[in-house]
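Atoms within a ligand are numbered from 1 in the order they appear, just like the ligands themselves.
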Amino acid sequence: RSRVRNMVFPEKLLYKQPSVLVGRTDVVAVTPWLAPIVWEGTFDPVLVDNIYKPMNLTIATTVFAIGKYVRFLQDFLETAEEHFMVGFHVRYYVFTDRPHDVPSVNLSQGRHLSVIQVPGSNRWQEISARRMEIIQTTIERQIRREADYIFCLDVDSKFHARWGSESLGRLVAVIHPGYYEQTRDRFPYERRPASTAYIPMDEGDYYYGGAMIGGFVEDVYTLTKVCRTRFEEDAGNSIEAAWQEESHLNRYLLYNKPSKVLSPEYLWQDFKAKTKEVKVIRFSGVIKNYAEVRPN
Ligand code: UDP
Ligand code: MN
């Protein structure tokens, strides 16, 4: 797929002068490996859209709705239509064992939804873990021909504000809202050396949320393939990482640094009060009754 890079369309677009001296000082907006950390106020939405729009991109969005989780689809899709990648081509891939319960949601022009039937499971840990495998095989089968970028998202969530082209990058991860004020030894990484997701106490950058993985289709493909293989290797040794695929994701990203990091604005939790550095909540996990929605 050919791309036009860093060209602004139209030329002579007017926007606020970027400053070298004035900007947000209450948060860190770049990692020590020089990847941007995306916060409100660090980017100009009109400018970034005008850079990415001429590339005529298609964004794949995968979402799993297995068992009772189909109930979350309607709000997820309706709010995505309002806030997620507005003005871009979006292809939703909904994986479910209940295709007849997928709600029909009006999609804007240039947006498309396909339902892919997958088996259910009696263990939520397995549903969560098999996401890597199913994303991997679906990229092989179709997504790599149908999209440029991919975002893999949790369905038990809603969009509340813009999630746009500022989030695009080669490999994109999101900082988990629960741990960004903690030191690395407090992160809930997998700590048993017997697991392939093991991270020692003196390593770790951020604690990334498993509810979002994004980037170029091929980079996410490699990530899902590696995480799946490691998950299966662990299973062969009768070990399951502390937070399943989230643990494997964190291990992968420690040694394969993301090229863009999304701030917790892009993954909040409804039960958590907004903190002062979060100027806008863009996407958040809804409050759910675990005992009622999960199979076990
Ligand atoms: N999921 C599902 N059915 C289940 C359990 C999980 O479809 O019975 C999918 C769903 O997409 C969900 C994701 O796996 O958003 C992660 O699970 P969950 O949201 O329960 O984990 P949490 O965010 O609470 O850690
Ligand atoms: Mn969730």
Logged contact type for K68 with ligand 1, heavy-atom cut-off 4.0 Å, is neither

Checking heavy atoms under 4.0 Å, the part of Y290 that sits near ligand 1 is side chain

Row check, Y189 ring normal vs R251 NZ/CZ: under 6.0 Å, within 45°
no

Query raised in the report: Could a heavy atom of E246 be found less than 4.0 Å from some atom of ligand 1?
Result: no

Tell me whether ligand 1 is touched by A211 - counting only heavy atoms on the residue side and a distance under 4.0 Å.
no

Under 4.0 Å from a heavy atom of [X]: which atoms of ligand 1 are those, numbered in the order shown and with their elements?
X	answer
A65	7 (O)
P295	8 (O)
V155	10 (C), 11 (O), 15 (O)
R294	18 (P), 20 (O), 21 (O), 22 (P), 24 (O)
D156	12 (C), 15 (O), 19 (O), 23 (O)

From the list F151, F76, Y266, W268, ring-ring contact (aromatic ring centres under 6.0 Å, His included) partner of F159 resolves to F76

Determine, using ring centers only, whether Y206 and Y180 are less than 6.0 Å apart.
no

Note to self: Tell me if the centroids of the rings in F95 and F64 come within less than 6.0 Å of each other.
What the structure shows: yes

query: Donor-acceptor pair, R71 side chain versus G67 backbone, under 3.5 Å?
result: no

Under 3.5 Å donor-acceptor, K274 side chain and I281 backbone: no

* Side chains of V286 and S284 in contact at under 4.5 Å (non-hydrogen atoms) -> no

Query - Side-chain heavy-atom pair Q125, R294 within 4.5 angstrom cut-off - result: no

Purely on distance, is any nitrogen or oxygen of [X] under 3.5 Å from one on ligand 1?
X	result
F64	yes
Y69	yes
G67	no

heavy-atom search around atom 23 (O) of ligand 1 in the protein gives D154 OD2, 3.0 Å

heavy-atom search around atom 3 (N) of ligand 1 in the protein gives I66 O, 2.9 Å

Problem - Polar side chain donor-acceptor pair, Y198 to E203, under 3.5 angstrom - result: no

Paired with E240, the salt bridge (Lys or Arg N to Asp or Glu O under 4.0 Å) test is passed by just one of R192, R123, R230, namely R123

Among N, O or S atoms, D154 approaches the Mn ion (ligand 2) most closely through OD2

